[in-house]
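Below is one structure, written out as structure tokens, with a few remarks after it.
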Amino acid sequence: TAGDQQSDFDATIAADGRIEPRDWMPDRYRATLIRQIAQHAHSEIIGMQPEGNWLTRAPSLERKSILLAKVQDEAGHGLYLYAAAETLGMSRDEMLDLLHSGGQKYSSIFNYPTLTWADNGAIGWLVDGAAIVNQVPLCRASYGPYARAMIRICKEESFHQRQGFSILLALARGTDEQKAMAQDAVNRWWWPSLMMFGPPDGESPNSADSMAWGIKRFSNDELRQRFVDMTVPQAEILGITLPDPELRWDEESGHYAFGALDWSEFKRVLRGDGPNNAERVRRRKAAHDDGAWVREAATAYAAKQAARMEQ
Ligand code: ACO
């Protein structure tokens, strides 16, 4: 009966077990997973653009090949995540249509421009650093396909974070101009990186359910704090300052205290009014249209292979 199904589901969640695609699950659990995993997949794919912008202008062959590998990894992450979301019953075509029409979101962070080479360093260090802090707990998410996809993604994100740190370290040890370039990039990416963790706990409508269902393991504010605590000592090693006059070690709490975030900016970016929203979506749609022939060729090839198998 429906009651038995619900109690089986509740028991699995209570025992910290995994829900698998063929298991019964509440409609709202399914819907929230589709929402979060699709948004995560879209973020990976849109997230290729800001750094893709620098592939032809990387300062050395080594930096270029590292950046190429990194951007390619993001495409791979998008694919694992689309595949995980598809196990919940929404097709990739439908998710892409929703991305293109604004019916599903992608991370606010990818609506900011990459103005100099140092931005690739700031993205790796801060954006991928924030992504790791947010995503390591997702390796224990209650939905099996999502949790398993996150394991490999997190390993690759660690490489991305280190390559960003390495770009900034090289600049920070360079000429005065290079140091200034690194500082400027960090100044621009710091606050948007803190916004990646989502709205404050009191204004996060999805958190209560997602925590109860074992999708989220820590709240938005807890993970934001963890990121700040991890990043401040790294900034000291770089010799770069973080653009927050209120940032200080708080002996009593054992954490760094930091200034207030500008949530009106976050809301503006979510509404589509960030510096690069229009461009990101336009590029994505153009890439999708330009790739139509690849999808058609792959479909024709698969049909031909299937026909051969029948002979
Ligand atoms: N950018 C865009 N939208 C956001 C962001 C953000 N940084 N943070 C929150 N939101 C949206 C939520 O999706 C939700 O909108 P919706 O209900 O229309 O989907 C709304 O703001 C309210 O937020 P919450 O109730 O806190 O939403 P949720 O519980 O889903 O928490 C979070 C948000 C923490 C981002 C969660 O979805 C998550 O952990 N996602 C997986 C990680 C991810 O997507 N990372 C992408 C960037 S990292 C990278 O790609 C390198």
Side-chain angles (χ1 to χ4, degrees), residues 27-51 74-75 77-86 88-113 123 126-128 130-131 133-135 137-138 141 143 146 149-150 153 157 189 191-211 213 215-216 219-221 223-224 227 261-288:
D27 290 344
R28 287 194 311 116
Y29 176 82
R30 186 185 298 277
T32 210
L33 278 168
I34 292 177
R35 178 185 65 75
Q36 176 167 327
I37 303 172
Q39 172 174 317
H40 195 165
H42 298 328
S43 304
E44 300 283 357
I45 298 298
I46 297 273
M48 295 168 74
Q49 291 185 36
E51 290 162 296
E74 309 291 356
H77 297 177
L79 297 184
Y80 318 149
L81 289 163
Y82 284 127
E86 281 184 308
L88 292 155
M90 183 178 279
S91 73
R92 195 176 304 188
D93 283 347
E94 207 177 328
M95 288 184 263
L96 289 174
D97 285 347
L98 286 166
L99 170 64
H100 299 157
S101 67
Q104 283 176 341
K105 297 184 167 79
Y106 59 90
S107 180
S108 52
I109 193 71
F110 300 116
N111 293 305
Y112 292 85
I123 292 180
L126 298 174
V127 175
D128 297 321
V133 170
N134 164 264
Q135 293 175 19
L138 292 173
Y143 188 59
Y146 189 31
M150 290 317 303
I153 292 178
E157 292 293 355
W189 287 91
W191 292 107
S193 299
L194 295 187
M195 292 177 194
M196 286 174 69
F197 294 93
D201 293 350
E203 291 161 43
S204 164
N206 300 297
S207 276
D209 278 343
S210 288
M211 299 279 271
W213 284 325
I215 299 170
K216 280 175 131 168
S219 78
N220 297 359
D221 286 330
L223 293 175
R224 196 173 358 256
F227 173 68
L261 278 69
D262 178 1
W263 292 109
S264 64
E265 174 178 325
F266 177 72
K267 286 179 189 149
R268 216 165 39 242
V269 173
L270 256 62
R271 269 204 317 271
D273 284 339
N276 291 73
N277 295 60
E279 185 196 335
R280 297 289 184 249
V281 175
R282 196 168 53 240
R283 277 280 307 271
R284 170 89 272 284
K285 283 187 195 155
H288 188 72

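Side-chain atoms of Q104 do not come within 3.5 Å of backbone N or O of L98 as any donor-acceptor pair. Using modelled atom types, one side-chain atom of R30 and one backbone atom of L88 make a donor-acceptor pair closer than 3.5 Å.
The shortest distance between side-chain heavy atoms of F227 and N134 does not fall below 4.5 Å. Residues R268 and N277 form no side-chain contact, since every pair of their non-hydrogen atoms from C-beta on lies 4.5 Å or further apart. You'll find the side chain of V269 stays beyond 4.5 Å of the side chain of M195, heavy atoms only. Residues D262 and W191 have side chains not in contact (no heavy-atom distance under 4.5 Å, counting atoms from C-beta outward). Side-chain contact between Q135 and H77: absent, with no pair of heavy atoms (C-beta onward) separated by less than 4.5 Å. Taking the side chain as every heavy atom from C-beta outward, R284 and H42 never approach each other to under 4.5 Å. Under the 4.5 Å side-chain criterion, counting only non-hydrogen atoms from C-beta, K267 is not in contact with P199. Side-chain contact between R224 and N220 is present, with at least one heavy-atom pair separated by less than 4.5 Å.
Closest of all the heavy-atom pairs between I109 and S193 is CD1-N, 3.7 Å. The shortest heavy-atom contact between S219 and M211 is N-CE, 3.9 Å. Scanning both residues, P50 and I123, for their nearest heavy atoms gives CB-CD1, 4.1 Å. Nearest heavy-atom pair across M196 and A130 is SD-CB, 3.8 Å. Residue S43 comes nearest to S107 through the heavy atom pair OG-N, 2.9 Å, listed as atom of the first residue, atom of the second, then distance. A pairwise comparison of heavy atoms in F110 and R280 identifies O-NE, 2.6 Å as the closest pair.
More than 12 heavy atoms of other residues, nucleotides or ligands lie within 6.0 Å of CZ in R35, so this atom counts as buried by the packing criterion.
To the nearest 0.5 angstrom, Q36 atom CD is 10.0 Å from L81 atom CG. Here the straight-line distance linking atom CG of D273 with atom CD of E265 works out to 11.5 Å at 0.5 Å rounding. Between the CE atom of M95 and the CD1 atom of I34 there is a distance of 7.5 Å, given to the nearest 0.5 Å. For the atom pair L194 CG and L223 CG, the distance stands at 12.5 Å (nearest 0.5 Å). A distance of 9.5 Å separates CD1 of I153 from CD of E74, quoted to the nearest 0.5 Å.
For the side chain to side chain donor-acceptor pair (under 3.5 Å) criterion with H40, the lone passing option out of Y146, Y82, Y106 is Y146.
Within the structure, the salt bridge (Lys or Arg N to Asp or Glu O under 4.0 Å) test picks out the following pairs touching residues 91-109 (sequence neighbours left out): E86-R92.
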Please list every donor-acceptor pair under 3.5 Å in which a side-chain atom of residues 202-209 meets a protein atom from a residue at least two apart or in another chain.
from: S204; atom 1: OG; to: S207; atom 2: OG; distance (Å): 2.6
from: S207; atom 1: OG; to: K216; atom 2: NZ; distance (Å): 2.9
from: D209; atom 1: OD2; to: R28; atom 2: NH1; distance (Å): 2.6

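Partners of F266 by ring pair (Phe, Tyr, Trp, His ring centres under 6.0 Å), not counting sequence neighbours, listed by chain and number: W263.
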